[in-house]
Amino acid sequence: MLVLTRKVNQSIVIGEGIEVVVLEVRGEQVRIGIKAPRDVAVHRKEIFEQIQQENVSASGTDMSDVPE
């Protein structure tokens, strides 16, 4: 994992079109802003994991039914 130190109003850039800006630090919480193209999905990690679990459940596929 890359670890970077940033101050409020400083940012990092990911790839060509994603920028993450530190907006505020309050106690143990950091408020960030994300600028990304509309076709890039941005989720909190816990929400992303729920979406993945729901997609697996919705598929209803039992792995024993999948041919090798």
Side-chain angles (χ1 to χ4, degrees):
M1 174 189 301
L2 172 65
V3 178
L4 301 170
T5 301
R6 303 277 59 203
K7 294 179 181 177
V8 172
N9 294 322
Q10 290 184 332
S11 62
I12 62 170
V13 176
I14 302 170
E16 292 289 326
I18 301 172
E19 181 178 5
V20 180
V21 182
V22 177
L23 299 174
E24 180 180 14
V25 178
R26 193 180 326 162
E28 294 184 3
Q29 291 188 324
V30 177
R31 191 165 163 238
I32 58 173
I34 301 167
K35 297 177 188 171
R38 290 197 176 274
D39 62 332
V40 174
V42 178
H43 301 284
R44 293 179 181 94
K45 184 175 181 180
E46 62 272 20
I47 300 300
F48 179 74
E49 290 172 345
Q50 286 179 350
I51 291 169
Q52 286 184 317
Q53 288 176 347
E54 288 179 19
N55 286 342
V56 169
S57 296
S59 72
T61 303
D62 185 350
M63 291 307 290
S64 64
D65 294 337
V66 177
E68 292 181 29

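Start at 1 with the first residue, then count along the sequence.
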- Nearest heavy-atom pair of Pro37 and Gly17: which atoms, and what distance? CD-O, 3.1 Å
- Applying the side chain to side chain contact (heavy atoms under 4.5 Å, CB included) test to Ser11, which of Ile34, Val21, Ile32, Val22 qualifies? Val21
- Message: I need the minimum non-hydrogen distance between Ile12 and Arg6, along with the two atoms involved.
- Response: CG2-CD, 3.6 Å
- Note on the structure: Shortest non-hydrogen pair, Ala36 vs Ile18, comes out as CB-CG1, 4.0 Å
- Item | Nearest-0.5 Å distance, CZ of residue Arg31 to CD of residue Glu24 | 5.5 Å
- Message: Within this structure, what is the CD-CG distance for the pair Gln10 and Leu23, rounded to the nearest 0.5 Å?
- Response: 12.5 Å
- Polar side-chain atom of Gln29 near backbone of Arg26 as donor-acceptor pair, under 3.5 Å: no
- Going only through I, L, V, M, F, W and Y residues with side-chain contacts under 4.5 Å, is there a path from Val40 to Val20? yes
